[in-house]
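See structure below.
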Amino acid sequence: MDSATSLMRSLHRAQESEVLKPLLERASSTPDERQRIVARAGGLLADLRRAQSSGWVNQFLNEYRLNTQEGVALLALAEAFLRVPDPETADALIADKLGDADWKAHSGKSHSTLVNSATWGLVIGRALVSEKEQGGTLRRLISRAGEPFVRQAVGAAMRMMGEIFVMGRTIAEASDRMRRPEHKGFVASFDMLGEAARTFADGERYFASYLDAIEQTGEGHSISVKLSALHPRYEVAHWDRCVPMLCELLETLCTAAANRGIALTVDAEESERLEMSLEIISNVARLPALRDWDGLGMAAQAYSKRAPAVIQWADALGRDTGRRMTVRLVKGAYWDSEIKRTQEAGLSDYPLFTRKAATDVSWLACARDMLRAKNIYPAFATHNALSVASVLEWAGETRDFEFQRLHGMGDGLYEDLVRNEGYHCRIYAPVGGHQDLLAYLVRRLLENGANSSFVHQLADEHVTDEELLADPVAKVRAVGGARHASIPLPVDLFGARRNSSGLDLQDKAILAETAASVSAAPLPPQPGALSGDAVGRALTAYAGWSNLNVDARALRLERLADLLEDNRTALMATLVTEARKTLPDALGEVREAVDFCRYYAAQARTGLQPVELPGPTGERNVLRYAGRGVWVCIAPWNFPLAIFLGQIAAALVAGNTVVAKPAPQTPRIAAQAIALMKAAGIADDVVVLAAGGPEVGATLVGDPRIAGVAFTGSTATAKKIARTLLEDDNRPLVPLIAETGGINAMLVDSTALPEQVVQDVVTSAFRSAGQRCSALRLLLLQDDIAARTLEMLRGAMDTLIVGDPADPATDVGPVIDDAAHAKLMAYRESRKSDWLHSAEAPTAGHFVPPTLIRLGRLEELDAEWFGPILHVATWKSGMLAETVERVNAKGFGLTMGLHSRIARTAEDVEALARVGNLYVNRSMIGAIVGSQPFGGEGLSGTGPKAGGPNYLHRFCAERVTSTDTTSAGGNASLLSLDDIAL
């Protein structure tokens with residue numbers, strides 16, 4: 001097993017073409033084999049088409065594909081409709097999804113009468129809800145039935161779709177359904193549907209449902225288990241806590257399955273959970289009590305670059321434990337989220353293949369490995385006729401394996417093989433209520449509707465059999481195994497500007513190494529207090545620095561960015577120790593500082609060049625950008641590296657020199673940054689460090705020689721700075737760029753997915769101990785879903801680990817200092833009667849327990865509480881616009897969040913909200929430089945936004961030169977034109 005584990009690590013983020021080289025050989029067939037495979041697959045295609053033409057659901061999904069507006073609308077409606085409790089929001093959701101789509105274009109197009117009937121239902125529904133058809137004959141004809149009619153019809157249609165993909169609401173119902181004639185010869189693997197556990201109560205509930213399912217499952221059938229459903233912190237950072245618990249839970253389930261005489265398969269999930277799952281499976285497989293049970297199985301995902309090593313690992317585990325391990329080989333179901341997560345984390349490469357053909361090659365190579373393995377019982381999950389035919393060819397006469405397909409998909413592919421040729425097929429059969437099936441249903445529809453999927457292509461009349469049965473090996477070889485051109489590596493995500501590199505903290509070894517290195521790094525010395533004339537020194541350096549061309553200044557910022565990455569561990573260590581940041585937050589801050597340097601360098605190269613302006617003939621008008629002089633940059637303690645360097649980098653590349661004042665709590669990280677600037681070629685006194693308290697800042701701001709101030713901090717301090725800059729009538733008028741705080745609200749309506757809402761609320765309110773300018777302060781829930789959401793939120797808060805920020809398992813560290821701790825704890829205590837929940841936290845140290853406080857009205861919150869304290873209020877259906885206006889009335893305008901599945905709601909909030917950054921269906925923190933420029937309005941700041949295209953110009957003086965080019969006599973450019981009248 002050691003060799004398989006080592007191979008896994010080497011393959012994890014290896015170059016795609018290198019991973020594919022050995023797989024191409026194993027996935028290849030000889031010319032004779034290929035001929036027989038294609039012939040066999042052709043027969044399977046005919047079987048599939050016969051079944052597809054008789055199934056209304058298949059035709060319905062083909063008619064409404066995901067590359068159509070109507071297909072997307074149906075998917076969104078199916079995902080959200082059944083969980084909406086109130087009729088007003090349900091009607092709004094229907095209107096949003098049905099109102100603008102062109103349903104008439106699909107009427108009568110299908111071969112299925114039921115599909116055409118459903119289309120007419122959608123046509124009628126659109127007529128009722130669309131503003132474009134107000135007053136039409138059809139609307140008048142059916143208006144008496146009104147919106148309740150449409151709501152009931154849509155609800156029935158959504159439940160019908162759910163039943164197609166879900167075997168039953170209970171095991172008993174699903175078992176009964178498996179006895180129907182259409183399932184003759186098939187067995188099932190029952191999967192108890194549901195999202196991953198968000199709370200310990202969720203895990204207990206799912207565990208009980210699995211145990212109950214095992215007790216009710218009949219002989220021959222099996223159970224599939226998702227480990228993420230059993231523990232809410234099934235994460236690498238919580239390995240030491242969750243893995244032992246999951247081993248115990250899985251042992252109990254496996255013991256019950258063994259006693260029942262049925263098999264149990266552990267499903268594959270996201271790539272970062274692979275190593276954890278293998279350790280859990282290995283520990284359970286080695287238990288003496290389960291030695292004689294051959295029912296333990298696992299899934300392997302072919303889209304993973306590690307898939308061949310996983311097969312090798314499973315074979316070795318079977319050998320070591322004296323059993324045959326069942327391995328379900330699937331293509332994989334988390335492809336899009338894996339791609340996005342890798343890009344966001346700035347990792348070296350993807351953990352999976354970027355081309356569908358490459359995944360097919362991997363599946364075939366793994367299938368051949370499984371057929372050859374002595375200690376694996378192969379289970380081939382596929383709806384692809386070519387894949388099935390390849391397995392049949394390579395397996396020869398043996399029947400010692402099984403196929404698997406999803407319930408509701410692949411009808412017709414296996415019936416003849418099972419009933420007439422003696423092959424085995426198991427139906428992966430989801431079980432659960434309609435609300436539980438939503439996420440699963442959407443994944444299936446996405447998979448079914450993806451343009452590259454076999455099922456989608458099969459239903460497309462324009463795709464020939466030759467195209468359907470094309471050899472994936474030939475496809476991959478034709479492109480040299482290269483990654484998909486439209487999916488750049490994370491480092492190239494922003495084109496010419498290099499993305500900051502991250503660390504894979506979801507990798508156990510990397511996380512442990514990072515934590516150890518950070519803990520071992522020495523804390524740099526405290527810089528001395530400011531002495532001498534800092535502004536005078538910066539003024540002296542100004543001439544030399546401003547005379548450098550833009551490219552030379554930008555080059556020094558890019559060198560600084562590289563040095564920041566080279567010194568990442570030392571910087572993270574100071575951020576953890578001095579600023580009390582957790583490891584992920586410290587890493588994120590270094591990356592943001594790097595991105596600021598590279599972004600402003602790139603912006604300067606293009607945006608600070610002279611601009612020739614239009615005008616009348618005979619003159620030349622040129623706009624030039626120049627430095628203003630000495631800027632004072634005052635940075636906060638909550639982002640003492642990223643904001644500190646962001647302000648300075650922008651001022652420098654615009655041609656200014658800087659006196660940089662860090663917060664008194666975080667001078668060491670500032671001194672480290674200044675030292676790296678000098679190493680990057682930024683001369684002494686181009687940046688002068690001015691460490692100290694408020695009195696230092698006041699002196700600097702009061703100096704009439706400064707040319708501008710960039711400040712991030714409290715609104716009160718920003719106003720004080722503004723007054724100081726205007727007090728002396730004799731001093732020049734200079735710009736102030738201020739980014740201050742906010743009472744940041746998140747609005748949630750009843751279409752939102754509660755699990756996603758809770759995850760984003762916990763991240764937005766409690767990550768970084770709530771000490772981000774953008775952090776969520778006010779949660780506004782539609783009252784119809786408030787009770788359920790708050791129950792889940794309380795449970796999620798109980799899973800948080802509050803403690804030492806250097807510990808990888810810590811979610812919430814301490815607040816910054818004694819003063820902050822005392823202020824927050826006093827406020828929290830004053831609102832104790834309104835507590836909805838409080839998480840556990842150490843009593844020693846500057847720890848503030850994450851706290852949820854109920855408000856009677858949102859107006860009760862009139863100040864920003866800069867810590868892990870979240871306030872919650874409710875609003876009634878139909879009052880969203882008024883609620884947004886009530887938030888606006890507070891005067892702050894930094895960030896706002898919205899969770900809703902109604903696109904028009906998002907458009908309405910976007911139009912109404914007076915905030916700098918609006919986040920829809922995601923968390924409210926973690927703005928990305930260049931993608932999400934950050935900054936507020938009103939009491940939350942002056943703008944322009946940091947990390948945006950307008951920021952640099954605020955640091956510049958704009959100068960225009962207008963020259964009369966005819967002053968020496970005659971307009972040469974005009975007179976040189978052809979065909980002029982003289």
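Position 1 is the first residue of the sequence; numbering continues from there.
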Going by an N to O cut-off under 4.0 Å, is there a salt bridge joining [X] and [Y]?
X      : Y      : answer
Glu565 : Arg598 : yes
Arg922 : Asp760 : no
Asp684 : Lys678 : yes
Lys823 : Asp818 : no

So if I apply the side-chain contact (heavy atoms from CB on, under 4.5 Å) rule between Ile721 and each of Leu726, Leu700, Val632, Val709, which one comes out positive?
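Among Leu726, Leu700, Val632, Val709, the one meeting side-chain contact (heavy atoms from CB on, under 4.5 Å) with Ile721 is Val709.
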So which of Val659, Thr540, Asp703 actually passes side-chain contact (heavy atoms from CB on, under 4.5 Å) with Val630?
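Considering Val659, Thr540, Asp703, a side-chain contact (heavy atoms from CB on, under 4.5 Å) with Val630 is found only for Val659.
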Interatomic spacing from [atom1] in [X] to [atom2] in [Y] - rounded to 0.5 Å:
X      : Y      : atom1 : atom2 : value
Leu560 : Phe596 : CG    : CZ    : 13.0 Å
Leu575 : Leu587 : CG    : CG    : 10.0 Å
Leu564 : Glu592 : CG    : CD    : 12.0 Å
Asp566 : Arg559 : CG    : CZ    : 13.5 Å
Trp637 : Thr666 : CH2   : OG1   : 9.0 Å
Phe644 : Gln672 : CZ    : CD    : 11.0 Å

Given side chains that start at C-beta, do those of [X] and [Y] come closer than 4.5 Å, heavy atoms only?
X      : Y      : value
Thr810 : Val802 : no
Pro949 : Tyr599 : yes
Pro667 : Glu578 : yes
Leu583 : Pro805 : no
Ile925 : Arg767 : yes
Val815 : Phe866 : no
Leu939 : Lys719 : yes
Cys773 : Glu739 : yes

Counting distance only, does the side-chain N/O of [X] pair as donor-acceptor with the main-chain N or O of [Y] below 3.5 Å?
X      : Y      : value
Trp835 : Leu852 : no
Thr740 : Thr715 : no
Ser517 : Thr514 : no
Ser546 : Ala543 : yes
His953 : Gly607 : yes
Arg954 : Lys945 : no
Thr657 : Ala538 : yes
Asn567 : Leu563 : yes
Arg556 : Ala680 : no
Asn950 : Pro944 : no

For the pair Arg914 and Glu937, evaluate salt bridge (Lys or Arg N to Asp or Glu O under 4.0 Å) and give the outcome as yes or no after the intermediate values.
CA-CA 7 Å; Arg914 300 293 178 259; Glu937 57 191 74; 5.5 Å; no
Looking only at non-hydrogen atoms, find the nearest pair between [X] and [Y] and report the distance.
X      : Y      : result
Ala957 : Gly627 : CB-O, 4.2 Å
Thr574 : Pro524 : OG1-CD, 3.4 Å
Gln647 : Ile634 : NE2-O, 3.2 Å
Leu894 : Gly936 : CD1-N, 3.5 Å
Leu778 : Leu776 : O-CD1, 3.4 Å
Val653 : Tyr600 : CG1-O, 3.9 Å

Any chance CD of Glu859 has more than 12 other-residue heavy atoms, nucleotides or ligands included, within less than 6.0 Å?
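Count over threshold, so yes.
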Relative to each other, are the rings of Tyr951 and Phe955 parallel, tilted or perpendicular (30° and 60° limits)?
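Tyr951 vs Phe955 ring planes: perpendicular.
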Hey, can you tell me if Trp865 and Tyr827 have their rings parallel, tilted or perpendicular (30° and 60° cut-offs)?
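Parallel.
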Compute whether any side-chain donor of one residue and acceptor of the other, for [X] and [Y], lie under 3.5 angstrom apart.
X      : Y      : answer
Ser714 : Thr717 : yes
Asp834 : His871 : no
Gln771 : Asn638 : no
Thr851 : Arg831 : no
Ser768 : Arg772 : yes

Side chain to side chain donor-acceptor pair (under 3.5 Å) evaluation trace for Ser838 with Arg828:
CA-CA 10 Å; Ser838 179; Arg828 183 174 171 272; 2.5 Å; yes
After noting the C-alpha distance and the side-chain angles of Thr895 and Asn917, does the key distance pass the side chain to side chain donor-acceptor pair (under 3.5 Å) rule?
CA-CA 5 Å; Thr895 66; Asn917 291 72; over 6 Å; no
Going by salt bridge (charged side-chain N to carboxylate O under 4.0 Å, His left out), Glu558 matches just one of Arg605, Arg553, Arg497. Which one?
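Running salt bridge (charged side-chain N to carboxylate O under 4.0 Å, His left out) over Arg605, Arg553, Arg497 with Glu558 returns exactly one hit, Arg605.
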Take Met677 and Leu645 through the test side-chain contact (heavy atoms from CB on, under 4.5 Å) and record every step on the way to the result.
CA-CA 10 Å; Met677 289 183 204; Leu645 276 182; 2.9 Å; yes
Go through Ile737 and Phe711 one step at a time and tell me if the side-chain contact (heavy atoms from CB on, under 4.5 Å) criterion holds.
CA-CA 6 Å; Ile737 303 172; Phe711 169 78; over 6 Å; no
Passes side-chain contact (heavy atoms from CB on, under 4.5 Å), Ile643 versus Glu589? Steps please.
CA-CA 9 Å; Ile643 292 179; Glu589 178 151 4; over 6 Å; no
Please determine whether salt bridge (Lys or Arg N to Asp or Glu O under 4.0 Å) holds for the pair Arg498 and Asp562, giving the CA-CA distance in whole Å, both sets of side-chain angles, and the decisive distance to 0.1 Å.
CA-CA 10 Å; Arg498 187 152 52 99; Asp562 293 343; 2.7 Å; yes
Between Val812 and Ile801, does the side-chain contact (heavy atoms from CB on, under 4.5 Å) criterion hold? Intermediate values first, please.
CA-CA 6 Å; Val812 181; Ile801 303 296; over 6 Å; no
Just checking, Lys581 and Phe639: is the charged tip under 6.0 Å from the six-membered ring centre and within 45° of the axis?
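The answer is yes; both the distance and angle limits are met.
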